[in-house]
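Written below as structure tokens is the structure these notes are about.
Both backbone and side-chain heavy atoms feed into the values below; hydrogens, waters and symmetry mates do not. Every chain is numbered from 1 and lettered A, B, ... according to where its sequence line falls, protein lines coming before strand lines.
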Amino acid sequence: MSILAVTHLSLTLQDQHILKNISLSVEEGDVVGLIGPNGSGKTTLFNVLSGFLVPTHGSVHFRGQDITGFSPSKRAHMGIGRVFQNFGIFREMTLEENVLVALEALPAEQRKALGNLKEVVQGTLEMVGLSGHAKKKAGSLSGGQMRLLEIARTLKSGKELFLLDEPTAGVAPKMTHQVGDLISELKRDRKTVLIIEHDLPFISRVCDRVIVLNVGEVVLDGKPSEVKQHRKLQEIYFGADPTS
Amino acid sequence: MDFFLHLVVTIGLWIPISMGYTLLFGKGQVMHFGPIGVSVACGYAIFVTLGATGSYIAGIAMGILVGTAVSLIFAWLALRLENDGLGVMSIAVHLAAMVIVLNWTDVTRGALGIPRIPRMPFLETLPMFALAVTLASLFWIALFVWADRSALGRQMQALSESESFAKAMGVSRAKVHTIAFVLLGLAIVSDNVFFAQYIHLLHPNDYHFPTFIFLLAIVVAGKPGSMVGAVLSSILLVLLREGLRFIDLPISVLGPMRLLLFGVILLTAVYVRRDTLFPQKRTV
């Protein structure tokens, strides 16, 4: 069974058709890239998947359950984790508090299963090489460190489906590799990942499958090597077939 | 000695409400301008019940019931309104509570207030009263410091920095804000149990807007969201206010001067703390 199934999903905001009849499914353990030009509806789709927007039509199923009307926090409790384009880190809180707040938001049974939260926090910070900065304010971190912390925090809080919105945006090239390695780690742990990204080499490196959105519609869906060579992708990004 | 004990009582009465308010307004950035509206409802609930039944237990129970109910109404409003809308609505609720108190004269005696409020037997002497208020205050200090350092405090701060990020991690705004509203409401009940007994009078003038300005000045001057700041600021501003009594001026001048002074303190504190009070909100 698919971990995520989106069926005939449409969204209209202020008479603008932002998403048009999108249907897709994602298998457990897949790493799927979501690409497309600016304004194609990628982040809006993530907002619908994580519960910040309610679709006009269609449904979203997670592990077979219809979650279309569920709130963002309820979806988070079910195992959907979101990593935001503009760094979903609480800058005025310490690194330790940033991880703690995610762990403490879990339902009681999940929280108990984690054991000693302080140890989990320490482990999370060690995982991304930030254990020496536990008491520092998160706002003092670099973009790459913030991104690593955000992904690690989402992983340690037991999420199963990761929605990563431009994880390499604002990240130094050296750190981009670390972010890629962390995503590969998620894949090894059989986590399911959806990534919005403009960096095509990065997408090719970490994803098993790529979905291309254009003007709110799914226009391509396939392996990275196939999608990269597809004429339609060239048309979307360059306006016309460059070979013609 | 009596004046010192009076200061102890007055400071002890301001600390719980200031800490509760700094948790909600300071840390949570919830524009709730109606804590004195909650206070007037609690005060009258306690002492009208006391007058009707002669029982302090019944009065306090009614105070807790009404304090919790009004706090839940504010929490409900907070979940349904934008922050600025809540600010306006909470002022309106405060004013509505005052209109009811002033006009429902059969029960509240209107502008005359309720006089001759008896003290509980063990609170009849000033030292005992000061001791009881101090113990109650210490309880609330411990509770609010614990709340501030617990998951509740962290989740309040996370929600105030970015509601979207916090929700995406599973933080429930409804749960967190409702708990904070109720904690503040219960601290207000505690203050009201003591206040009218202390002056033997429950009077609507003590619940007008200037009282809220004083509370706001304490919280903003003490750094919004800071528990230590709320305690220190309560001490300093109460000392300043009570110290004004020694200025040799007629009461008709001293009253407005005091209001003006706290208005200036509030404006200065808002200016100095403008980045903490009105931070840039981050959205998805």
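Checked for salt-bridge contact, A/Arg91 and B/Glu161 miss the test: no charged N lies under 4.0 Å from a carboxylate O.
Among all heavy-atom pairs drawn from B/Val171 and A/Ser73, the shortest one is O-CB, 3.5 Å. B/Ser162 approaches A/Phe90 most closely through the heavy-atom pair O-CE2, 3.8 Å. Across B/Gly170 and A/Ala76, no two heavy atoms sit closer than the pair N-CB, 3.4 Å. A/Glu92 and B/Gln157 make their closest contact through O-NE2, 3.6 Å (heavy atoms, listed as atom of the first residue, atom of the second, distance).
Other residues, nucleotides and ligands contribute over 12 non-hydrogen atoms within 6.0 Å of the CE atom of A/Met93. Within 6.0 Å of the CD1 atom in B/Ile57, the count of heavy atoms belonging to other residues, nucleotides or ligands does not exceed 12. Under a cut-off of 6.0 angstrom, the local environment of NZ in B/Lys223 is sparse, with at most 12 non-hydrogen atoms contributed by other residues, nucleotides or ligands. Atom NZ of A/Lys187 is surrounded by more than 12 heavy atoms from other residues, nucleotides or ligands within 6.0 Å.
Looking at A/Arg153, the atoms closer than 4.5 Å to chain B (heavy atoms on both sides) all sit in the side chain, from C-beta outward. Looking at A/Ile80, the atoms closer than 4.5 Å to chain B (heavy atoms on both sides) all sit in the backbone: N, CA, C or O. Neither the backbone nor the side chain of A/Lys74 comes within less than 4.5 Å of any heavy atom of chain B.
With respect to chain B, the highest number of heavy-atom pairs below 4.5 Å among A/Asn98, A/Leu100, A/Leu103 belongs to A/Leu100.
Looking only at side-chain heavy atoms (C-beta outward), B/Phe165 and A/Glu150 stay at 4.5 Å or farther from each other.
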### Message
Pair A/Arg82, B/Met169 - check side-chain contact (heavy atoms from CB on, under 4.5 Å), show working.
### Response
CA-CA 8 Å; A/Arg82 170 99 183 249; B/Met169 289 192 315; over 6 Å; no

